[in-house]
Amino acid sequence: MSFLAMAAQTARLMVGLPDYDAYCRHLADHHPERTPMTRAEFFRDRQQARYGSGGGRCC
């Protein structure tokens, strides 16, 4: 992985954007029988995992 790609991945993780391409590579390498989520489904899943059910938290 190039320095620029690593820097971009780090920046995305710092602001809370998960890496869809890494998810697809992991799924292909370790779970080839599973169908990957679409990019939109993956984003919603990660957002749900991070923020929960939307019950709201102050901090």
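Quantities reported herein were computed from a predicted structural model and do not represent experimental measurements. Hydrogens, waters and symmetry mates play no part in the numbers below; they use all other heavy atoms, side chains included.
Atom CZ in F3 sits 8.5 Å away from atom OG1 in T10 (nearest 0.5 Å).
In this structure, the side chains of Y23 and M37 come closer than 4.5 Å at one or more pairs of heavy atoms. Looking at heavy atoms from C-beta onward, E33 lies out of side-chain contact with L27 at the 4.5 angstrom threshold.
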*Show the numbers, then the answer: is there a side-chain contact (heavy atoms from CB on, under 4.5 Å) between H26 and D21?*
CA-CA 9 Å; H26 171 83; D21 295 329; over 6 Å; no
*Working for salt bridge (charged side-chain N to carboxylate O under 4.0 Å, His left out), residues R46 and D19*: CA-CA 10 Å; R46 296 294 81 216; D19 190 346; over 6 Å; no
